[in-house]
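Before any comments, here is the structure.
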Amino acid sequence: MDHYKVRGKYFEDFIVGERFVSSARTITESDIVQFAGISGDYNQIHTDKEFSKTTPYGRRVAHGLLITSIATGLIAQSGILEGTVIAFREINNWKFTSPT
């Protein structure tokens, strides 16, 4: 009888400095608008084109948590955590340094 083979890695299987490449993903205006609706975060930097022109970024930027959500989706699609993760519990020392 064949058994399911776990494709993902456990914590102890990762090597410091190891790199992984995910598929590409374009962040669209629709993504930003839908995330604003789901999260309730209608901050002008995300939703108001004219206001955003007056900011240091000069245009609208995506929500940091939208980008984090998309990143977790790309990780899930890669299979690297398939069958090895039960819960996403913690993000230590993350800092958003550039706009998306």
Name the atoms and distances for all side-chain donor-acceptor pairs under 3.5 Å in residues 41-52, with sequence neighbours left out.
from, atom 1, to, atom 2, distance (Å)
D41, OD1, N43, N, 3.0
N43, OD1, I45, N, 2.9
H46, ND1, V61, O, 2.8
T47, OG1, Y42, O, 3.1
T47, OG1, N43, O, 3.2
D48, OD1, E50, N, 3.0
D48, OD1, F51, N, 2.9
E50, OE2, K53, NZ, 3.2
S52, OG, Q44, O, 3.2
S52, OG, I45, O, 3.3
S52, OG, D48, O, 2.8

Which heavy atom of G64 sits nearest to which heavy atom of F96, and what is that distance?
O-CE2, 3.6 Å

Within the supplied structure, the quantity of interest is the number of heavy atoms (other residues, nucleotides, ligands) at a distance under 6.0 Å from N93 CG; does it exceed 12?
no

Roughly how far, to the nearest 0.5 Å, is the OG1 atom of T68 from the CD1 atom of I91?
5.5 Å

Is there a path of hydrophobic side-chain contacts, each under 4.5 Å between heavy atoms of I, L, V, M, F, W or Y residues, that connects L65 with I27?
yes

Do I32 and I67 sit in one hydrophobic cluster, given that two such residues count as connected whenever their side-chain heavy atoms are within less than 4.5 Å of each other, even indirectly?
yes

Could you check whether any side-chain heavy atom of R25 comes within less than 4.5 Å of a side-chain heavy atom of L74, counting everything from C-beta outward?
yes

Output every pair passing salt bridge (Lys or Arg N to Asp or Glu O under 4.0 Å) with a member in residues 90-100, not counting sequence neighbours, ordered by first then second residue.
none

F14: what forms a side chain to side chain contact (heavy atoms under 4.5 Å, CB included) with it, not counting sequence neighbours?
K9, E18, F20, I80, L81

For Q77 and R7, which heavy atoms make the closest approach, and how far apart are they?
O-NH2, 4.0 Å

Could you tell me which non-hydrogen atom of G83 sits nearest to which non-hydrogen atom of Y10, and how far apart they are?
O-OH, 3.7 Å

